[in-house]
Amino acid sequence: MKASRERIGQNELVELAGQLAPCQGYNPTPLDGVRILRTETELHDVPVLYKPGAVFVLQGRKQGMLEGEVYLYDAEHYLAVSVPVPFRMESMASPERPLLAVYVEFDTRLAAEIATQVGTRAVSGKAKSLVSSRMEPAIEDVVLRLLRALNDAAELAILGAGILRELHYRVLVGPQGSAMISALQQKGPSGRIVQSLARLHESYASEISVTALANDAGMSVPSYHVHFRALTGSTPIQYVKAIRLHEARLMVARGDRTIAEIAASVGYVSPAQFSRDFKRHFRRTASEEARWVRLHLGELA
């Protein structure tokens, strides 16, 4: 009986998500920060850089690879992202059984507020950038209610904000909660790295000095490198390069600027060096990647 109810719930999740995502790629929803992805193609070794939030795969399977660790997110697991980190992803999908996933980008102010409120609980653990967790009934229930509301304008207007707040809460008190709250509270060495990452995302196009970053974090350069790599899986210079290339990728996909203009806008002095780094990172030239993004990720990549 329980298995039958679970199948009914899973079938409804897939049906509702399919209605909200008729197009290949990311489909917008009326709620800011919530998108539905439809992918009909098997993908391998795709570089990604997610913003803080959670990804709920309702049909199909994804897995991320970072520093030798594999993070599974499928119908039984979801991925929580506490800080944006570049990693490689692969997914299983087909036209007959497309991958359907809900992407919820965290409202950082709301998440920090909830983290403060639940901080009185016995929360321990160091900050982690990625955590794969079981899709517990409480999480599945709130995702289901979110999709129902997104398919009903009146229900969304009345309940949408509350459901989204509850989803933030459920993720933050889930198995990965301590890692995410530690990142949000920005305490200790990991907290100083989180603050440093925020500054890097604001100033990635400027000249970057690791010595200055370490000084701002109140660390020696060797200590800064150790804590930075522990949280992000990359060095500061590699991380900045990834930010620049992912930002450039979106500009390339829009197709309204030259390569030289895009290279300069993300901090590259040499367009030739930009093109080499771009192809090395994405395994495609800028024009090839633009076509790939429009085909697989749509306009909301």
Roughly how far apart are [X] [atom1] and [Y] [atom2], rounded to 0.5 Å?
X	Y	atom1	atom2	result
K241	D277	NZ	CG	4.0 Å
L231	S82	CG	OG	6.5 Å
L16	N151	CG	CG	5.0 Å
Q59	M92	CD	CE	12.5 Å
Q238	H281	CD	NE2	10.5 Å
K279	L245	NZ	CG	14.5 Å

Does the gap between the ring centers of [X] and [Y] come in under 6.0 Å?
X	Y	value
Y78	Y73	no
F56	H77	no
Y50	Y103	yes
H296	Y26	no

Quick one: closest heavy-atom pair of [X] and [Y], and the distance?
X	Y	answer
S265	R257	CB-NH2, 3.4 Å
E42	H44	OE2-NE2, 2.8 Å
A149	L156	O-CB, 3.2 Å
P189	M219	O-CE, 3.4 Å

Contact check, side chains of [X] and [Y], non-hydrogen atoms, under 4.5 Å:
X	Y	result
L20	L100	no
R170	D141	no
R254	M251	yes
V131	L79	no
V57	V102	no
Y71	M89	no
L58	L147	yes
I36	P28	no

If hydrophobic clusters are built by linking Ile, Leu, Val, Met, Phe, Trp and Tyr wherever their side-chain heavy atoms come under 4.5 Å apart, do [X] and [Y] end up in the same one?
X	Y	result
V118	V104	yes
L295	V46	no
L72	L99	no
I237	L200	yes
L167	I158	yes

E69 vs L130, side-chain contact (heavy atoms from CB on, under 4.5 Å): CA-CA, chis, key distance, verdict: CA-CA 10 Å; E69 286 196 53; L130 303 175; over 6 Å; no
Tell me yes or no: between the side chains of Y224 and T211, is some donor less than 3.5 Å from an acceptor?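 Distance-only check fails for Y224 and T211.
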Is a side-chain donor-acceptor pair under 3.5 Å present for R276 with Q273?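 Note: Q273 and R276 side chains meet the donor-acceptor criterion.
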Does CG in D45 sit with more than 12 non-hydrogen atoms of other residues, nucleotides or ligands closer than 6.0 Å?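 Check passes, neighbour count above 12.
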Give the intermediate values and the outcome of side-chain contact (heavy atoms from CB on, under 4.5 Å) for residues R199 and Y204. CA-CA 8 Å; R199 286 193 289 272; Y204 65 86; over 6 Å; no
Output the rest of the hydrophobic cluster of V70: all Ile, Leu, Val, Met, Phe, Trp and Tyr residues reachable through side-chain heavy-atom contacts under 4.5 Å, sorted by chain and number.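 ILVMFWY cluster around V70 also holds M65.
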Could you go step by step and tell me if S275 and I259 meet the side-chain contact (heavy atoms from CB on, under 4.5 Å) rule? CA-CA 8 Å; S275 294; I259 294 300; 3.9 Å; yes
Is a side-chain donor or acceptor of N27 paired with a backbone partner of G25 at a separation under 3.5 angstrom?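 Confirmed, N27 side chain pairs with G25 backbone.
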Indicate the ring-plane relationship of H168 and F106, choosing parallel, tilted or perpendicular according to the 30° and 60° boundaries.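 Ring orientation of H168 relative to F106: parallel.
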After noting the C-alpha distance and the side-chain angles of Y268 and I262, does the key distance pass the side-chain contact (heavy atoms from CB on, under 4.5 Å) rule? CA-CA 9 Å; Y268 274 83; I262 292 171; over 6 Å; no
Return the set of residues passing salt bridge (Lys or Arg N to Asp or Glu O under 4.0 Å) with R148 (not counting sequence neighbours), or none when no residue passes.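 R148 satisfies salt bridge (Lys or Arg N to Asp or Glu O under 4.0 Å) with E12 only.
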Quick one: do H246 and F278 satisfy ring-ring contact (aromatic ring centres under 6.0 Å, His included)? Show the steps, please. CA-CA 9 Å; H246 278 275; F278 193 97; 9.1 Å; no
